[in-house]
Amino acid sequence: MDSRKEPETGRKTETVRRIQRLVDAVMNSYEEGKFIDRVNTFRQPEEAEILRVLSELRQVVFQGFFANTEYKVYTQRNHLTMMMEDIIFRLSKQIALVLPYDTEKYKGKTQQEISSLAMKLTLKFMERIPWIRRVIETDVEAAFDGDPAAYNRDEIIFSYPGLYAIFTNRIAHELYLMDIPLIPRIMTEYAHRETGIDINPGATIGEYFFIDHGTGIVIGETTTIGNHVKLYQGVTLGALSTSKGQGLSGIKRHPTIEDNVVIYANTKVLGGETVIGKNSVVAGNTFVTYSIPENTKVASSVPELKLKVRS
């Protein structure tokens, strides 16, 4: 026997033993009663399915831009019918999985009752697609009119992260208004990961909304944004304090931005009672915690620059 193989065999054996000890340790930690230990594999929402629904909704909303070659059909109507049927099937299944998370509303409901209600909610949501398409058209126009670097509208639809984040919010907000748990947030947090733009699905956003560049924007749950509003990168529409935690749930804690407002880069507008009045402009790097009247230009003092000749 070749003795040179013995150390290598010994190392493999020790590795196997260490792996087994690790498995034992993790298995033991599962028995400690932590919230994250809950195992319910078949009654949890499936992120991949929810994101597939979002992708297919994007194809429906932006007809012709994001074609799915899986559907071998020869008429626009047949293609749309197949898409809609697939969305309804997948979305209703996911909604049925998440409704029981609202234990107060759905306590005592049978699975059949929940599935039936999930289908009704899905169809109600799908009836909002024509409205969503109309509003998204205004967002595309706002981006094209507001960005001289835009080559054409196709470029905006295909590539602008701000428009993708807005589209996702338009979809998720409708589900949020129907009190559907989890799914709206899964959608918007996916857009957050993809774009760096964090829009809570609860945020209410008017028409002709334009996010320029966008990275680092945060828009809180109870934010209200009017029509023809433009935000630049790094803007936060947030709460003054969240120290009370769940005690603040359902309370207006994020600002209201009225029509025709422009907020430049890295500005923070905080507080549920803070209102930025119509036709106002807020300069970059500004910290705002109280209301601003209509037709106002807001800026903080420019930091003093100190120049020193290098020796």
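This one's a predicted model, so the numbers in the text were calculated from it and none came from an experiment.
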Undergrad: Using every non-hydrogen atom in the two residues, find where Ala203 and Ile199 come nearest and quote the distance to one decimal.
TA: CB-CG2, 4.2 Å
Undergrad: Contact between Val298 and Ser280 at the side-chain level, heavy atoms closer than 4.5 Å - yes or no?
TA: no
Undergrad: How long is the span from the CD1 atom in Ile183 to the OH atom in Tyr101, to the nearest 0.5 Å?
TA: 10.5 Å
Undergrad: Quick one: CG on Leu182 to CD on Glu47, what's the gap to the nearest 0.5 Å?
TA: 11.0 Å
Undergrad: Check side chain to side chain contact (heavy atoms under 4.5 Å, CB included) between Ile87 and all other residues, then give those that pass, not counting sequence neighbours.
TA: Val53, Glu56, Leu57, Val60, Met126
Undergrad: Backbone N or O of Thr286 within a donor-acceptor pair of the Thr267 side chain at under 3.5 Å?
TA: yes
Undergrad: How does the hydrophobic cluster around Val23 look, that is, which other residues are in it when side-chain heavy atoms under 4.5 Å mark a link?
TA: Ile19, Val26, Met27, Tyr30
Undergrad: Test Asp198 against Ile217 for side chain to side chain contact (heavy atoms under 4.5 Å, CB included), laying out the working first.
TA: CA-CA 6 Å; Asp198 182 1; Ile217 281 178; over 6 Å; no
Undergrad: What's the shortest heavy-atom distance between Thr274 and Tyr290, and which atoms?
TA: CG2-O, 3.5 Å
Undergrad: Other hydrophobic cluster members with Tyr264, side-chain heavy atoms of Ile/Leu/Val/Met/Phe/Trp/Tyr under 4.5 Å, chained?
TA: Tyr232, Val262, Val281
Undergrad: Checking the side chain of Lys230 only, and the main-chain atoms of Gly146 only, is there a donor and an acceptor separated by less than 3.5 Å?
TA: yes
Undergrad: I'd like to check Met119 versus Ile88 (side-chain heavy atoms, cut-off strictly below 4.5 Å). Are they in contact?
TA: yes
Undergrad: Is it the case that one hydrophobic cluster holds both Ile180 and Leu51, taking links as side-chain heavy atoms less than 4.5 Å apart, direct or via other members?
TA: yes
Undergrad: Can you confirm whether Phe89 is buried at CZ, in the sense that more than 12 heavy atoms of other residues, nucleotides or ligands lie under 6.0 Å from that atom?
TA: no
Undergrad: State yes or no: do Leu237 and Val282 share one hydrophobic cluster built from I, L, V, M, F, W and Y residues joined by side-chain heavy-atom distances below 4.5 Å, directly or via other members?
TA: yes
Undergrad: For a salt bridge (Lys or Arg N to Asp or Glu O under 4.0 Å) check, start with the C-alpha distance between Glu14 and Arg17, then their side-chain angles and the critical distance, and finish with the verdict.
TA: CA-CA 5 Å; Glu14 175 58 24; Arg17 285 197 294 265; 2.8 Å; yes
Undergrad: Say whether, by atom type as modelled, one donor and one acceptor occur between the side chain of Thr168 and the main chain of Ile166 under 3.5 angstrom.
TA: no
Undergrad: Under 6.0 Å from the NZ atom of Lys268, do we count more than 12 heavy atoms belonging to anything else shown?
TA: yes
Undergrad: Using the rule that two of Ile, Leu, Val, Met, Phe, Trp, Tyr join whenever any of their side-chain heavy atoms come within less than 4.5 Å, decide whether Ile95 and Leu177 are in one cluster.
TA: no
Undergrad: Can you tell me how far the CG atom of Leu231 sits from the CD1 atom of Ile211, to the nearest 0.5 Å?
TA: 6.0 Å
Undergrad: If you measure from the Lys or Arg side-chain nitrogens to the Asp or Glu carboxylate oxygens, is any gap between Arg170 and Asp139 under 4.0 Å?
TA: yes
Undergrad: With a 4.5 Å heavy-atom cut-off, do Lys252 and Glu273 have their side chains touching?
TA: no
Undergrad: Donor-acceptor pair, distance only, cut-off 3.5 Å: does the side chain of Asp259 make one with the backbone of Asn227?
TA: yes
Undergrad: Should Phe167 and Phe62 count as side-chain neighbours, where that means a heavy-atom distance under 4.5 Å?
TA: yes
Undergrad: Run the side chain to side chain contact (heavy atoms under 4.5 Å, CB included) test against Asn266 and tell me which residues pass, sequence neighbours left out.
TA: Asn285
Undergrad: Looking at every heavy atom in both Pro201 and Pro184, which two are closest together, and how far apart are they?
TA: CB-CB, 3.7 Å
Undergrad: Measure the acute angle between the ring planes of Tyr176 and His173, then classify it against the limits of 30° and 60° as parallel, tilted or perpendicular.
TA: parallel
Undergrad: Run the numbers on Leu240 and Thr289 for side chain to side chain contact (heavy atoms under 4.5 Å, CB included), then give the verdict.
TA: CA-CA 8 Å; Leu240 273 171; Thr289 59; 3.7 Å; yes
Undergrad: Quick one: are Thr188 and Arg185 in side-chain contact, heavy atoms under 4.5 Å?
TA: yes
Undergrad: Take Thr222 and His254 through the side-chain hydrogen bond (donor to acceptor under 3.5 Å, both in side chains) test and state the conclusion after the steps.
TA: CA-CA 5 Å; Thr222 61; His254 304 99; 2.7 Å; yes
Undergrad: Rounded at 0.5 Å granularity, tell me how far CG in Leu117 sits from OG in Ser92.
TA: 11.5 Å
Undergrad: Are Val229 and Val275 connected into the same hydrophobic cluster when the rule is that any two of I, L, V, M, F, W, Y join if their side-chain heavy atoms are below 4.5 Å apart?
TA: no
Undergrad: Does CZ belonging to Arg21 count more than 12 external heavy atoms closer than 6.0 Å?
TA: yes
Undergrad: Sub-3.5 Å donor-acceptor pair from the side chain of Ser115 to the main-chain atoms of Gln111, do we have one?
TA: yes
Undergrad: Would you check if the side chain of Thr81 reaches a backbone N or O of Arg77 as a donor-acceptor pair within less than 3.5 Å?
TA: yes
Undergrad: Rounded to the nearest 0.5 Å, how far does CG of Leu163 lie from CZ of Phe209?
TA: 11.0 Å
Undergrad: Any side-chain donor-acceptor pair under 3.5 Å between His192 and Glu189?
TA: yes
Undergrad: Suppose we screen for salt bridge (Lys or Arg N to Asp or Glu O under 4.0 Å). Which residues come up paired with Lys120, at least two apart in sequence or across chains?
TA: none
Undergrad: Is any side-chain heavy atom of Ile197 closer than 4.5 Å to one of Gln233?
TA: no
Undergrad: Do you know which two heavy atoms are closest between Asn200 and Gly220, and how far apart they sit?
TA: CB-C, 3.9 Å
Undergrad: So, does Thr195 use its side chain to make a donor-acceptor pair with the main chain of Tyr164 at under 3.5 Å?
TA: no
Undergrad: Yes or no on salt bridge (Lys or Arg N to Asp or Glu O under 4.0 Å) for Asp102 and Lys107, after CA distance, side-chain angles and deciding distance?
TA: CA-CA 8 Å; Asp102 189 338; Lys107 184 178 181 180; over 6 Å; no
Undergrad: For residues Arg58 and Val61, determine if any side-chain heavy atom of one lies less than 4.5 Å from a side-chain heavy atom of the other.
TA: no
Undergrad: Determine whether Thr223 and Thr256 satisfy the following criterion, side chain to side chain contact (heavy atoms under 4.5 Å, CB included), listing intermediate values before the conclusion.
TA: CA-CA 6 Å; Thr223 303; Thr256 296; over 6 Å; no
Undergrad: Would you say that Thr236 contacts Leu270 through its side chain, given a criterion of any heavy-atom pair below 4.5 Å between the two side chains?
TA: yes
Undergrad: Step by step, would you call Val261 with Ile263 a side chain to side chain contact (heavy atoms under 4.5 Å, CB included)?
TA: CA-CA 7 Å; Val261 168; Ile263 304 178; 3.8 Å; yes
Undergrad: Thinking salt bridges, do Arg134 and Glu137 make one under a 4.0 Å N-O criterion?
TA: no
Undergrad: For the atom pair NZ (Lys297) and CG (Asn295), what is the distance rounded to the nearest 0.5 Å?
TA: 11.0 Å
Undergrad: Using every non-hydrogen atom in the two residues, find where Ile156 and Ala150 come nearest and quote the distance to one decimal.
TA: CD1-CB, 3.9 Å
Undergrad: State plainly whether one hydrophobic cluster holds both Met83 and Ile136, where clusters connect Ile, Leu, Val, Met, Phe, Trp and Tyr through side-chain heavy atoms under 4.5 angstrom apart.
TA: yes
Undergrad: Side chain of Asn169, backbone of Ala165: donor and acceptor closer than 3.5 Å?
TA: no
Undergrad: Just grab all the salt bridge (Lys or Arg N to Asp or Glu O under 4.0 Å) pairs involving residues 145-162, residues at least two apart or on different chains.
TA: Glu141-Arg153
